Each structure stands twice: as structure tokens, then as C-alpha cells.
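Here's the structure we're looking at; comments come further down.
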Amino acid sequence: MPKKYILALDQGTTSSRSVIVDEKGEIIAIEQQEFRQIFPKSGWVEHDAFEILESQLSTLKKVIKKANIKVNEIVGLGITNQRETTVIWNKNTGKPIYNAIVWQDKRTADICENLKEKGLENHIKKTTGLVVDAYFSGTKIHWILENVEGVKTAAEKGNLLFGTIDSWILWNLTDKKIHATDYSNASRTMLFDIKNLCWDGKILEALNIPKSLLPEVKPSSYHFGDFTLEGHKIPIAGIAGDQQAALFGQTCFNKGEAKNTYGTGCFLLMNTGTEPQFSKNGLLTTIAWGINNKVYYALEGSVFVAGAAIQWLRDGLEIIKSAEESEFFAEKVSEENPVIVVPAFAGLGAPYWDMYARGAIFGLTRDTGKNHLIKATLQSLAYQTKDLLIAIQNDAETPLKSLKVDGGACANNLLMQFQADILDTIVERPKITETTVMGAAYLAGICVGLWKQKDIETDKKIDKKFTPNISSEKRERLYKRWLKAVERSKNWIE
Ligand code: ADP
């Protein structure tokens, strides 16, 4: 029997990665390459779209060599990508007309204000599931069309194409033939009607975006086209934005299942089934994926400062030497920690939305030491996650079944145990924490018939389950103290 492999690409914000996954769903090789971050002005963040492409192609070739497999053994290719980042290129020359404007870029805040003044906020929320924000692609496209010379005429002549990073890679891999994206990426543009699954004419008109620029939108597990390598055709069979791919990679296939990624910030997504749920608590409604003629939705909330608070302990306060060390010192506090750290370094996001809040430390006494501070900072990640989960559960009207975790800080056992304790929910850490890229691999593997979705679910291996282990009285007391601290850190700067 010939061997079969899936090639999965993870085009992230700071690096491009490629992995080879074997039939058993094990990663057998990984290659990674960083690329430049370009900061032309304060608040502006750009990438060179060609550098992204080259770094991706270079890791792709290297990983096939490293895995020591033949190109004709690769039966499918999946792509996951940094979301919202915007590229516009000329379809005749293949050249981007401007650098990619990255999701973090805030230059279009004024354009967002303008949309709100035009009274479009409600329409955008109802149609796209998103809040009006510079984060999403729509206003970035508008900015490029308004600010790059000669672009308007080219756009009107139909010579320009827009894409999020997945589309840019897909178009290049298919020899400039296929201009498409998947539902999950489309749902982050602030231009896509997530219920009727089409581009929204009213928003396009308000932002002056010609329809000819936009990619076709397809399911996430779908044969988009072929990538020809050494004469072999590899079907490109799965595409999803990074957070949605992680939700799929964590096998949160059913309504009520959620994952939380503990990286620099936290990204919490809950599968809400085949109907979109619109948030009353400042969360985003987004398409999780399209598969087998069905579209699944998710509620999404994010915490701005999570792992970044651990970096602050290391680089700002210099009280730990590495992020891992935080667990060692926090464990030394055996009694109940009276200290609360609210890491509102950049204001508070969902569900509070207070940009005037600032970080604060409460509960200091004469015997407070660095260990209390370290433990309180770790605990703040769990408290913030609980805030989001309460909001999500209120919106979704679905109880949480279990929380699946990934990202750098999920390696911290003390944090994960405290997360289970404070949520009163089982926290599951998978063996493979490469959930994002596995999501792309699964979507592609299912499409080409290598795996069945139900088999992936039962095959998934858990590294550790954290079970709640405190009394409900204690849980309530601790969480009340956190909420009191949050209240007091609000509205700090003028
Ligand atoms: P990103 O993808 O956002 O760069 P990662 O998933 O690589 O983030 O996770 C890195 C973050 O996790 C850093 O902010 C770091 O401080 C934090 N981190 C890593 N390991 C630990 C640990 N053992 N305990 C607590 N925090 C950790």
C-alpha cells in the first residue's frame, strides 16, 4: 500500500510554517521561517506579501525533504492563516500594489468612525457578526483603494484582486488560476453576510469596494484547486483562519464545545452549531467552518493581555527569568492568594470594553512577596477567561461541556488547574498542542477522503485532564474578589 500524507501550511503573523502529517494524524516533520515586520508609522503594521509567499514556499519544500517522503505521496494540502490581513494585487502582473496591511494595524480607525456616523454600525453587526473595527479587512481595502496612486482606475478596469492571506497563497499555488477563500476567512472581512453567505452590497457601497475585487467564497473543507509540484497535482482541500482552524483541530465539532488559546493574548471560541448567535456582551459572531454542505458558527472573545502579562513579570519587573519559571514560584504560595493583579495594560476588552482602564494590583499587605504577585498574574489569565466564558454562555444559551486548551501558556499546570477550579469545568489539554495546523490538515484530509470526521474525534489523544477541585463557596469568594478588583481598575485614565 502506498503511503499517504497531508501537507499543511500555517501562515502566521510572525512566521510561516509547513508540516507533514501521516495517515495516523501524527506530525512527522515541521519547518518554520520568520519574516519581516514592517512598522512605517506608529500604529501601522505591514508585511511584504512576497516575503510571506517565499517563506511559505521555502518551508514547504524543506519540510517534504525533511520528512523524506515523495511528492506523489502527498494526497492533500491544507492552509491556515493569520486572519484579516489584507493584500491587493494586480491579476495581470501578479504583483501586490501595496504591502499587506496586518490585522494589528490601526490606521483605519477614522474610516470606522465614519461608518458609525453614517449609521451603519447596526447593519454591520447584524450582517457580519462583527463590531466596526480597524482590525477587520474591509476598511483596510478602502484605505488602499483611496491612498495608492492609480489604483482606482485599475480597480474599475477589473485588474485588481483582494485576498486575505489564504487567497493570496491559493492564487499563487494554483498558478494564478483560483481566486477564492473559505467561509471562515470571509467572515473576518466585515463585508460578508454570514447568514446568507454572500458579500453584502450595502457595506461594499459604503466603502466603495468594487465587487470584481472579491474572491469566491467556498466551504472550508473543499477542493479549491491543485498545486502542481514536480509534475504531481496536489489537491488544495482545506482552508480556515487560524482561530477557527484551532477550534477544528481541537475537534470542537459539536455545539457547546469550546477552546481557549493561551498565547500573547487569549482567543476563546465556542461552537454554537449551525445557526449564528448574536452577542449582547460585546463578543463576535463568526463562521467556524463550512463542511459537508453545512455551515457552523462560533462566538469569539479575546483577552488582550494574557501571556503578555507573564512577559511583563519577566522583562518588566524582572522577577522571573523565563515564562516556565512562573509555575515554580507560584507553587510556593500554598495558602489562598490575597493578591489580585488586573493586567489591563491596554484597557479592558470583552465583556467590559473600557479603554480607560489600566492595570492594577490589589490586596497588598506587609508580607506580600514576589511569589504572590507571580501567582496572581497567572491567575489573572484564568479569571479573564472565566469573564469571557460567562459572556459566551449567556449569549449562546448553551452550557459549556468542557474547555480544550492550547497555546504556549497551557503548558503551565498550576494555571490549568486553577482554570478548572475557577470555571468548575474540566479542562482538557491535548497531546498535540499544534492544534491550528492540525485543523487545516484535518479539513484537507476529510475532503480527500483520507479521514472521516467521526474517527478524528475518537482518535484524539489527551495529555492531561484538569478536574475542578475547590468548593463552590471558595470559587464564588475568589471570583467575587476578582470582579471587585476589575471594577476598581476601570475608568482610570482621563
Ligand atoms: P503567540 O503565538 O501569541 O506568540 P505562544 O502560543 O507561542 O504565543 O505562547 C507564548 C506566550 O505564552 C508568551 O506570552 C509566554 O509568556 C507565555 N508562556 C509560555 N510558557 C509559559 C508557561 N509555562 N507559563 C506561563 N506562561 C507561559
Side-chain angles (χ1 to χ4, degrees), residues 10-17 19 27 30 32-35 37 45 47 80-85 102-104 135 165 241-247 249-250 259-269 300-333 337 341 343 345-346 349 359 370-385 404-420 422 427 429-440 463-464 466:
D10 178 2
Q11 204 306 301
T13 309
T14 57
S15 71
S16 299
R17 285 140 48 85
V19 311
I27 294 177
I30 303 187
Q32 176 165 2
Q33 192 173 316
E34 290 192 11
F35 53 85
Q37 306 291 312
V45 190
H47 292 155
T80 179
N81 55 290
Q82 51 166 319
R83 304 178 301 172
E84 298 105 9
T85 298
V102 179
W103 57 273
Q104 297 146 325
Y135 185 41
I165 297 295
D242 53 12
Q243 296 306 325
Q244 287 96 327
L247 189 69
Q250 285 275 25
K259 71 91 197 171
N260 194 21
T261 302
Y262 300 78
T264 311
C266 274
F267 281 96
L268 181 59
L269 272 79
E300 171 174 329
S302 48
V303 166
F304 300 143
V305 179
I310 312 301
Q311 288 167 0
W312 167 71
L313 295 176
R314 189 191 61 192
D315 307 333
L317 298 186
E318 299 183 22
I319 54 175
I320 50 172
K321 287 202 195 71
S322 66
E324 294 74 39
E325 236 185 41
S326 61
E327 185 167 353
F328 172 80
F329 289 112
E331 258 168 3
K332 291 182 187 260
V333 182
N337 191 5
V341 170
F345 302 150
K370 79 168 195 180
N371 299 341
H372 295 100
L373 214 58
I374 293 167
K375 188 166 183 178
T377 306
L378 276 174
Q379 289 174 322
S380 75
L381 273 62
Y383 284 126
Q384 293 184 92
T385 299
K404 296 174 180 175
V405 297
D406 51 49
C410 87
N412 192 306
N413 291 319
L414 181 137
L415 169 61
M416 291 302 110
Q417 183 57 50
F418 186 70
Q419 186 70 83
I422 205 71
V427 169
R429 182 170 64 200
K431 267 216 175 87
I432 305 175
T433 43
E434 296 284 348
T435 51
T436 308
V437 77
M438 283 310 296
D463 166 50
K464 201 164 169 166
F466 298 87

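When a residue number appears, it is its place in the shown sequence, counting from 1. Just so you know, ligand 1 is whichever comes first in the structure, and atom 1 is the first atom listed for that ligand. Treat the numbers as computed from the prediction; the structure is a model and nothing was measured.
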Atom pair OG1/CE of Thr436 and Met438 - distance to nearest 0.5 Å: 11.0 Å

If hydrogens are left out, which of Val305, Leu313, Asn412 has an atom nearest to atom 25 (C) of ligand 1, that is, the closest non-hydrogen atom? Asn412

Could you check atom 22 (C) of ligand 1 against the protein and tell me its nearest heavy-atom contact, residue, atom and distance included? Ala323 O, 3.7 Å

Only heavy atoms of Gly307, strictly under 4.0 Å: list the atoms of ligand 1 that pass. 14 (O), 16 (O)

Closest to atom 23 (N) of ligand 1 among protein heavy atoms sits Glu324 CA, 3.6 Å

State whether Arg429 and Asp463 are salt-bridged, where the test is any N-O pair (Lys NZ or Arg NE/NH1/NH2 against Asp/Glu carboxylate O) under 4.0 Å. yes

Side-chain donor-acceptor pair present, Gln82, Asp242, cut-off under 3.5 Å: no

Side-chain donor-acceptor pair under 3.5 Å between Thr377 and Lys375, yes or no? no

Does the side chain of Asp10 come under 3.5 Å of the side chain of Thr80 through a donor N or O and an acceptor N or O? no

Pair Glu434 + Arg17: basic N to acidic O under 4.0 Å: yes

What protein heavy atom lies closest to atom 3 (O) of ligand 1? Include the residue and the distance to one decimal. Thr264 OG1, 2.6 Å

Under 4.0 Å from atom 7 (O) of ligand 1, is there at least one protein heavy atom? no

Verify, without hydrogens or angle tests, whether Lys370 (side chain) and Ile319 (backbone) share a donor-acceptor contact under 3.5 angstrom. yes

Which atoms of ligand 1 have any heavy atom of Gly407 under 4.0 Å away? 6 (O)

How far is atom 26 (N) of ligand 1 from its nearest protein heavy atom, and which residue and atom is that? Ala409 CB, 3.4 Å

Can you tell which part of Ala306 has a heavy atom less than 4.0 Å from ligand 1: side chain, backbone, both or neither? neither

Is a side-chain donor-acceptor pair under 3.5 Å present for Gln250 with Thr435? no

Atom 10 (C) of ligand 1: which protein heavy atom is closest, and how many Å away? Gly408 CA, 4.2 Å

Kindly check if the number of other-residue, nucleotide or ligand heavy atoms within 6.0 Å of CZ (Phe345) is above 12? yes

Out of all atoms in ligand 1, which are within 4.0 Å of some heavy atom of Ala308? Include the element for each. 14 (O)

Going by the 4.0 angstrom heavy-atom rule, the piece of Ser326 near ligand 1 is side chain

Considering only non-hydrogen protein atoms, determine which one is nearest to atom 11 (C) of ligand 1 and report residue, atom name and distance to 0.1 Å. Gly263 C, 4.0 Å

How far is atom 13 (C) of ligand 1 from the closest protein heavy atom, and which atom is that? Gln311 NE2, 3.4 Å

